[in-house]
Amino acid sequence: MDFGGAAMRYLQTGSGPPLILLHGLLGYSFSWRYTMPALAPYRTVYAPDMLGAGFSDRPQIDHSMRATALRVLSFAERLGLSSFDLLGTSRGGAVAMCAAAECLGHEKLQVRSLILVAPVNPYSPHGRWLAAFSGSAVGAPMMRAVMEQMPFLYPYVHSHLYGDRANIPPGSLEGYKAPLAIPGLFDHAFSIVKTWSDDLRELEALLPKLRGIRTLLMWGSKDPAVYLSSMEPLARYFPDAERIVFPGVGHLPYEECVEEFNRALIEFLTKGPRSRRSG
């Protein structure tokens, strides 16, 4: 799909009501290689490589949370969707929440439900100082020098996202490294980091708007990137949210405990919403 001359790649499979999957920072549609086939009998699934990531083009544009969320809504609108379920993981979870908030005032689009898989949120302290440092005039050149060695560091970073390294699926490292062949991936990551603190403040301000959206929160108990401890303060804004914690699992439950993750996701998507609690 063309966005002002930049091509955004996406995958599509299945049939039924539409579901859009949003990957995390330095991820891409490859993250959903086990999720999409399982969901295909129940949903028409769309998995974009957001602009700057995966095998999409790398334009120098605004990659803030809100700008990315607006592109997600444009993507949905151009697909001819009027309502859809939205799943976001990690940074994609923050984008999903922002997109859902934008939809509340949208005449043509509606988010039926939110599935948030270890979403970046204002209540997980891990990464706040790193994001601020990486986006500063002093920190950015230092971090760039480190990131340029990413082919060497990638196995270390990748393996630490899992609760148990024995559960890393074969070919995962190679799959996540593949987009490095296209220049500009780390520039994209830095452009996201630069607005990280502002994005978190904006996200916290919009959370009260999302109270009425049917929501599923999913987390690994050993998540090293977005701490499980942030689930409860985030859940205050989703009082009727269903919550699932995968014991011993890290930041990528859709890869580390595939069957359990897919089973829980399909159950949420295929059953009707629970009646709201009184009081």
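Please read all numbers here as calculations on a predicted model, not as lab measurements.
Contacts of Ser56 classified as side chain to side chain donor-acceptor pair (under 3.5 Å), with partners at least two apart in sequence or in another chain: none. The salt bridge (Lys or Arg N to Asp or Glu O under 4.0 Å) test applied to Asp198 returns Arg201, not counting sequence neighbours. Contacts of Glu267 classified as side-chain contact (heavy atoms from CB on, under 4.5 Å), with partners at least two apart in sequence or in another chain: Lys271. With sequence neighbours left out, Arg66 forms a salt bridge (Lys or Arg N to Asp or Glu O under 4.0 Å) with Glu102. With sequence neighbours left out, the side chain to side chain donor-acceptor pair (under 3.5 Å) criterion links Asn262 to no other residue.
Proximity of a side-chain donor or acceptor of Asn121 to a complementary backbone N or O of Leu234 within less than 3.5 Å is not detected. Checked by atom type and distance alone, the side chain of Ser83 never pairs as donor or acceptor with a backbone atom of Arg112 at under 3.5 Å. In terms of modelled atom types and a separation under 3.5 Å, the side chain of Thr68 and the main chain of Ser64 share a donor-acceptor contact. Judged purely by atom type and a 3.5 angstrom limit, Ser191 has no side-chain atom pairing as donor or acceptor with the backbone of His63. For Arg33 (side chain) and Phe30 (main-chain N/O), a donor-acceptor pair under 3.5 Å exists by modelled atom type. Looking at Arg43, its side chain never comes within 3.5 Å of a backbone N or O of Ile20 through a donor-acceptor pair.
Atoms CD and CG, on Glu77 and Leu70 in that order, are 11.0 Å from each other to the nearest 0.5 Å. With values rounded to the nearest 0.5 angstrom, Leu19 atom CG is found 7.0 Å from Leu265 atom CG. Atoms CZ and CD, on Phe84 and Gln110 in that order, are 9.5 Å from each other to the nearest 0.5 Å. The CD atom of Glu256 sits 8.0 Å away from the NZ atom of Lys222 when rounded to the nearest 0.5 Å. Between the CE atom of Met8 and the CZ atom of Phe55 there is a distance of 15.5 Å, given to the nearest 0.5 Å. Annotation: the span from His23 atom NE2 to Leu26 atom CG amounts to 10.0 Å, rounded to 0.5 Å.
Side-chain contact between Met218 and Phe261: present, with at least one pair of heavy atoms (C-beta onward) separated by less than 4.5 Å. Residues Cys98 and Leu206 are in side-chain contact: their nearest non-hydrogen atoms beyond the backbone lie under 4.5 Å apart. Proximity of Val95 to Val72: side-chain heavy atoms (C-beta onward) are separated by under 4.5 Å at one or more points. For the pair Ser82/Lys108, no side-chain contact is recorded, criterion being any heavy-atom separation below 4.5 Å from C-beta on. Counting only heavy atoms from C-beta outward, the side chains of Phe268 and Leu216 approach each other to under 4.5 Å. Using a 4.5 Å cut-off on side-chain heavy atoms (C-beta onward), Glu260 and Phe246 make contact. Annotation: side chain of Thr195 is not in contact with side chain of Met65 (no heavy-atom distance under 4.5 Å).
What you find for Trp32 and Leu22 is that their closest heavy atoms are CZ2-O, 3.4 Å. Closest approach of Leu86 and Ala99 over heavy atoms only: CD2-CB, 3.9 Å. Here the closest heavy-atom approach between residue Ser221 and residue Leu228 is recorded as CA-CD2, 3.8 Å. The two residues Trp219 and Val226 come nearest to each other via the heavy atoms NE1-O, 2.9 Å. Across all non-hydrogen atoms, the minimal contact from Leu114 to Ala96 is CD2-O, 3.7 Å. In terms of heavy atoms, Leu173 sits closest to His158 at N-CE1, 3.9 Å.
The aromatic rings of Tyr10 and Tyr46 sit tilted relative to each other, their planes meeting at an angle between 30° and 60°.
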Test log, rule side chain to side chain donor-acceptor pair (under 3.5 Å), inputs Arg165 and His160: CA-CA 8 Å; Arg165 296 178 201 176; His160 278 70; 3.0 Å; yes
Stepwise side chain to side chain contact (heavy atoms under 4.5 Å, CB included) test for Val111 and Asp85: CA-CA 6 Å; Val111 173; Asp85 300 296; over 6 Å; no
For Asp240 and Arg214: C-alpha separation, side-chain torsions, deciding distance, then whether salt bridge (Lys or Arg N to Asp or Glu O under 4.0 Å) applies. CA-CA 7 Å; Asp240 293 311; Arg214 183 173 179 245; over 6 Å; no
Tyr162 vs Glu255, test: side chain to side chain donor-acceptor pair (under 3.5 Å). Steps then yes/no. CA-CA 9 Å; Tyr162 297 83; Glu255 296 184 12; 2.5 Å; yes
Under the side chain to side chain contact (heavy atoms under 4.5 Å, CB included) rule, what do Tyr123 and Glu232 come out as? Steps first, then yes or no, please. CA-CA 9 Å; Tyr123 310 110; Glu232 288 306 316; over 6 Å; no
Under 3.5 Å, sequence neighbours excluded: what are the donor-acceptor pairs made by side chains of residues 247-254?
| residue | atom | partner | partner atom | Å |
| --- | --- | --- | --- | --- |
| His251 | ND1 | Asp223 | OD1 | 3.0 |
| His251 | ND1 | Asp223 | OD2 | 2.8 |
| His251 | NE2 | Ser90 | OG | 2.9 |
| Tyr254 | OH | Thr89 | OG1 | 3.4 |

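Salt bridge status for Asp187 with Arg58: absent, with no side-chain N to carboxylate O gap under 4.0 Å. Salt-bridge formation is detected for the pair Asp199/Arg91: a Lys NZ or Arg NE/NH1/NH2 atom is positioned less than 4.0 Å from an Asp or Glu carboxylate oxygen.
Shown here is Phe3, whose CZ atom has more than 12 heavy atoms of other residues, nucleotides or ligands within 6.0 Å. Crowding of Glu174 atom CD: a count of heavy atoms from other residues, nucleotides or ligands under 6.0 Å exceeding 12. Within a 6.0 Å radius of CD in Gln12, more than 12 heavy atoms belonging to other residues, nucleotides or ligands are found.
Side-chain heavy atoms closer than 4.5 Å link hydrophobic residues (I, L, V, M, F, W, Y) into clusters, and following such links, even through other members, never connects Val258 to Tyr42.
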